[in-house]
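In the text below, chain A, chain B and the rest are named by the order of the sequence lines, each starting its count at 1. Since the structure is predicted, the reported quantities are computational estimates derived from the model, not experimental observations.
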Amino acid sequence: MVLKPIDRKETALYLGYGKHEPDEIILKMMDECEGPLMEAARPAYAFGVFDTIICSEERIALSECTLELTGKDIGKLLRNCGKAVLFAATLGSGVDALIRRLQVNDMPKALITDAMAGAAIEQICNDFQAELAVRFPGTVQTMRYSPGYGDLPLSLQKELLATLEAGKRIGLTVTDGSMLTPVKSVTAIIGLRDADSEEEALKLKDRMAAEDFTAELSVGNCGKEACQGCAFHDRCHKAEKEEA
Amino acid sequence: MSGNKIRILDGGMGTMLQSLGLPLGGVPEVWNITEPERIQSVHEAYLAAGSEIVYTNTFGANRYKMAATGYSVSELISAAVANAKKACSSHPGTKVALDIGPIGKMLAPLGDLAFEDAYDMFKEQVLAGSDADYIVIETMSDLYETKAALLAAKENSDKPVLVTMSFEANARTFTGTGIDCMALTLSGLGADAIGFNCSLGPAELAPMVRRLYELTELPLVLKPNAGLPDPVTNTYNIGPEEFADLVGELLPYGIAYVGGCCGTNPSYIAALKKRTEAFEASDERPELPAKVTFSGICSSTDAVWFTEPRVIGERINPTGKKRFQEALRNADMDYILSQALSQVSAGADILDVNVGCPGVDEKTMMVNVIRELQAVVSVPLQIDSNDPEVIEAALRAYNGRALVNSVNGEEKSLSAILPIVKRYGAAVVGLTLDEGGIPPMAEDRFKIAEKIVSRAEAVGIPRKDLQIDCLTLTAGAQQEAAAETVKALAKVRKELGTGAVLGVSNISFGLPNRELVNSTFLAMALQSGLTLPIMNPNSEAMMGTIRAYRLLANLDQHAVAFSEAYRDFVPAAAAKKPGAETVAAPVKDEAEGKIREELGDKAAELYAAVVSGLSERGANLTEELIAEKDPMQLVNGVLIPALDTVGAGYEKGRIFLPQLILSASVVQGAFARIKERLNKDGAEKVSKGTIVLATVKGDIHDIGKNIVKVLLENYGFTVIDLGKDVPVEAVVKAAKESGAPLVGLSALMTTTLGSMEETIRALKEAGLSCKTVVGGAVLTPEYAARIGADYYGADAKATVDIAKEVFHC
């Protein structure tokens with residue numbers, strides 16, 4: 001697996017540019033950072049598809065595994081979903097080492113590489129979801145939901161990785177503070193909702209978008225004061241309002 | 001090899017247990033106690049199929065993974081060994097191997113598990129499994145963790161230890177270790193057999209097995225998966241017969257232990273057994289590749305073989321360097337790391353590390369520096385110390401196989417240092433001096449070299465691992481000595497078969513045009529067989545000699561490296577002073593006008609260079625300006641106003657974080673030059689005050705803290721950076737010892753805010769009057785107040801403003 005060219009707009013977003021376009025010096029630096037990042041990255045992912053067993057509105061068990069998902073949000077996410085996909089992806093420890101090295105002798109590039117790595121992992125997730133759509137035709141996917149979002153505990157990481165055998169399969173582990181190592185990694189849960197036909201799937205997709213699923217979750221009503229850095233930053237109405 | 005009987009190992013455990021009802025995510029080790037019959041039945045099935053050694057069901061039986069099971073490591077492992085022994089009891093001659101897998105956490109610096117803690121966890125497993133006949137360490141991907149496990153096994157048991165690592169299709173592990181580094185490191189550390197298991201099938205592992213055979217004298221272990229898994233169903237694509245055939249092809253390559261991993265079951269082992277017996281009965285053997293005869297050293301990712309001249313960078317050494325001594329005393333890791341990075345980019349293959357300096361605890365410093373260095377550079381290191389304790393601590397902490405600098409012909413050196421070198425499997429430099437000092441004549445130095453070789457061989461260090469240093473004396477003082485050094489070197493290379501190392505630059509001490517003398521002497525030594533010059537790779541003349549030598553000795557074939565290095569070469573006479581760089585366009589604003597009026601056009605351009613983020617121009621202008629102006633005038637009159645301008649733009653949302661940091665790095669470069677100047681003048685270092693920074697315990701995300709550090713330093717503050725994952729006590733200690741009036745703490749995740757609160761409480765309980773400023777993505781001003789912080793730093797710029805307030809500047 002190799003990285004695709006890295007999305008400059010997404011990178012700029014991570015760097016805090018919002019709608020603004022980075023100037024030429026920064027764009028040129030992005031070009032310079034891309035090669036070493038590609039070279040350092042060993043992107044890999046692991047996933048598992050499980051039948052959901054709804055135990056209650058706030059508790060969902062997965063077939064053939066010991067993992068249980070608890071919380072209002074995950075209950076809402078997986079409501080109507082017959083299957084749940086556990087997913088973990090990483091750029092590998094080489095990227096962490098590259099960013100660490102750049103922090104010693106070139107902080108601006110460290111910052112830009114860090115943001116580009118964020119954009120790269122996002123790309124891997126998007127590509128995976130596209131692959132998932134091909135593997136499971138006639139289903140509609142929910143958004144990616146990660147431990148630490150809303151009321152889904154971050155401490156779920158350890159068990160999620162154990163279920164996927166992510167340590168052995170892709171070298172992904174977690175610290176005592178539930179941080180993923182390598183750092184440039186993502187875990188997520190995606191619900192798969194059955195549609196009777198492709199047509200219905202398309203309709204359902206539109207409807208799910210129109211329902212604006214995220215509005216139902218704890219997002220925007222999280223009690224957090226600082227939106228910057230929140231995992232939901234790009235989806236949350238509250239963040240939009242504050243920035244406006 | 002045909003004389004050695006190949007031992008048949010077992011196959012996959014996980015898949016067998018899942019078929020017996022173990023759910024995904026379930027803990028297999030618990031079944032050692034709750035379902036002993038089922039575990040025994042798996043062993044029994046493998047023994048019946050022909051396994052001669054079975055692995056205990058203890059792959060994850062470490063303190064970390066077993067924490068939530070309610071059982072102790074010792075209970076689970078004892079039960080597992082008992083189960084395996086019980087199964088073996090009805091199969092005479094079969095043996096039990098204590099299985100040890102990865103802990104499941106990443107070691108520092110990438111993760112939060114300390115090497116010493118990993119060692120303790122493995123030790124606990126080794127002791128609990130003392131009834132087993134073998135120890136196997138398997139499925140390892142981190143060489144450092146593998147080292148911790150192997151040391152724990154060797155130091156707490158006398159059983160044979162088999163070590164297998166898991167490689168990806170690119171012939172590297174997840175953490176980037178290649179087969180060369182694995183072979184060098186594990187052979188040196190005393191593994192009894194090494195090899196591969198898991199991650200790939202026998203077809204993919206075949207080229208790696210052949211390579212490993214060339215690289216080690218040890219017997220090999222092979223336990224591949226049953227091919228490759230289907231990503232959705234997780235079933236493997238190779239059946240027993242095909243598996244046995246593919247593995248069978250590899251048996252001639254020194255394989256002494258063979259079995260299967262994921263996806264294999266007793267039918268694979270039965271097929272393998274048949275195939276192995278057929279191999280042993282037949283006399284047909286393919287032609288095998290030759291084993292490598294040379295030695296080398298490595299980090300976890302890069303191996304350097306002693307086959308041709310390799311440059312050892314000498315700059316990490318405080319001797320005669322005030323700035324370096326100051327960095328050591330202040331534990332200024334960034335300075336040391338930047339010295340390392342600049343040598344590597346100049347072409348150093350290996351870095352010498354010497355941190356001996358009055359007022360510095362050499363042992364602690366050496367371990368810290370090695371760990372920090374290995375987090376940012378991938379070249380192997382040469383550990384440079386005379387103190388056996390320092391050398392041992394360094395070798396223990398080192399990730400890979402190091403070169404030790406040095407042992408010498410003195411009895412006390414030989415008897416103290418050689419056993420340590422042997423224990424950790426390092427290579428070593430032998431200095432040709434002894435109780436009588438440095439003999440003036442080549443013959444006498446050669447005699448000492450001979451003595452070192454025989455003493456090394458007596459403890460089991462082969463001569464290929466020795467690098468003899470015939471010692472460079474100063475030509476200015478003893479002109480005849482240069483020829484003697486070269487003569488001794490040539491004799492050593494020719495007659496002893498060791499490598500040769502030489503610190504080159506000493507030759508010119510006290511002479512004019514030192515580089516000319518150095519590079520000529522270097523050429524003489526290279527021609528006489530020098531393999532490892534210790535030198536300054538930033539010296540263009542000396543690196544040029546190395547490149548030209550490699551070209552002329554036909555080592556750099558087709559002159560690829562030479563042409564690459566001199567592609568844009570311009571003869572010195574034609575080369576102009578640098579002037580082609582971008583000139584900063586004037587930034588027309590009020591501050592600029594004032595600077596131009598008070599300090600002149602050049603200062604105004606420096607201001608513009610900072611605002612526009614032009615590093616090289618900024619550094620050069622600073623260089624020119626410090627010759628004519630008071631350095632502090634530049635700092636307060638130009639650099640800080642420029643940062644203020646950028647900072648104001650950032651606050652207004654006109655410019656963004658990368659530009660702010662870019663400007664900051666221009667100032668950083670300018671500061672470095674000003675500091676050099678101040679050190680030269682012996683002037684008092686001018687600091688606005690000291691601030692302690694740390695990313696709190698449990699948190700490993702520190703880029704935000706590092707950005708704050710850069711900005712604070714640029715505003716003239718002295719920053720004591722404690723790094724990431726910093727224990728509460730370390731913050732208190734640093735705050736107390738430095739008397740810093742401000743302590744900055746960062747945390748990225750909600751899970752580590754608790755340590756932040758704890759740290760603040762501990763600072764208060766220690767009665768320190770320092771203020772605290774906290775920052776991090778999930779923090780809010782309210783939360784900051786609630787955990788007792790004095791200030792909330794919304795971003796790097798805001799933190800600088802807070803520092804200015806605290807320090808009244």
| Passes side chain to side chain contact (heavy atoms under 4.5 Å, CB included), B:Cys198 versus A:Lys168? Steps please. | CA-CA 9 Å; B:Cys198 207; A:Lys168 200 170 83 175; 3.9 Å; yes
| said: Tell me the closest heavy-atom pair linking A:Pro182 and B:Met106, and the distance in Å. | reply: CD-CE, 3.6 Å
| task | Let me know if B:Lys724 has heavy atoms under 4.5 Å from chain A in its side chain, its backbone, both or neither. | result | side chain
| task | Mind running side chain to side chain contact (heavy atoms under 4.5 Å, CB included) on A:Gln103 and B:Ile707 for me, showing each step along the way? | result | CA-CA 9 Å; A:Gln103 283 181 61; B:Ile707 288 170; over 6 Å; no
| note | Bottom line for B:Thr301: the part with an atom under 4.5 Å from chain A's heavy atoms is neither
| field | All side chain to side chain donor-acceptor pair (under 3.5 Å) counterparts of B:Ser663, not counting sequence neighbours | value | none
| query | Which bit of B:Asn170 is near chain A, if near means a heavy-atom gap under 4.5 Å: side chain, backbone, both or neither? | reply | side chain
| Checking A:Ile99 against chain B: side chain, backbone, both or neither under 4.5 Å from a heavy atom? | side chain
| field | Student check: side-chain heavy atoms of B:Val377 and A:Arg101 closer than 4.5 Å | value | no
| field | Heavy-atom proximity to chain A below 4.5 Å, by part of B:Pro658 | value | both
| field | Interchain contact, B:Leu337 with chain A, by part (heavy-atom threshold 4.5 Å) | value | both
| field | Contact origin within A:Ile26 toward chain B - heavy atom pairs under 4.5 Å | value | side chain
| remark: When the 4.5 angstrom heavy-atom criterion is applied to B:Gln659 and chain A, the contacting part is both
| field | Salt-bridge contact B:Asp702-A:Arg100 (side-chain N to carboxylate O under 4.0 Å) | value | yes
| task | Mind running side chain to side chain contact (heavy atoms under 4.5 Å, CB included) on A:Thr66 and B:Leu24 for me, showing each step along the way? | result | CA-CA 6 Å; A:Thr66 56; B:Leu24 263 183; over 6 Å; no
| So what's closer than 4.5 Å to chain A heavy atoms on B:Ser199: side chain, backbone, both or neither? | neither
| query | Hey, what do you get for CG (A:Leu154) to OG1 (B:Thr751), rounding to the nearest 0.5 Å? | reply | 5.0 Å
| remark: Bottom line for A:Asp106: the part with an atom under 4.5 Å from chain B's heavy atoms is neither
| Stepwise side chain to side chain contact (heavy atoms under 4.5 Å, CB included) test for B:Leu662 and A:Met29 | CA-CA 10 Å; B:Leu662 196 56; A:Met29 285 175 75; 3.8 Å; yes
| said: Can you tell me how far apart OG1 (A:Thr175) and CD1 (B:Ile700) are? Round to the nearest 0.5 Å. | reply: 5.5 Å
| query | Does A:Glu64 CD have over 12 foreign heavy atoms under 6.0 Å away? | reply | no
| Structural part of A:Lys158 lying under 4.5 Å from a heavy atom of chain B | side chain
| query | Relative to chain A, which segment of B:Ser141 carries a heavy atom at a distance below 4.5 Å: side chain, backbone, both, or neither? | reply | neither
| task | Let me know if A:Asp114 has heavy atoms under 4.5 Å from chain B in its side chain, its backbone, both or neither. | result | side chain
| query | Mind checking whether A:Arg42 and B:Phe174 have side chains closer than 4.5 Å, heavy atoms only? | reply | no
| said: Counting only non-hydrogen atoms closer than 4.5 Å, does B:Ser665 touch chain A with its backbone (N, CA, C, O), its side chain (CB onward), both, or neither? | reply: side chain
| task | Enter the distance from B:Thr139:OG1 to A:Glu165:CD here, rounded to the nearest 0.5 Å. | result | 10.5 Å
| note | Between the OH atom in A:Tyr14 and the CG atom in B:Leu657, the distance rounded to the nearest 0.5 Å is 15.5 Å
| request: Could you tell me which portion of B:Tyr64 (side chain, backbone, both or neither) has an atom closer than 4.5 angstrom to a non-hydrogen atom of chain A? | output: both
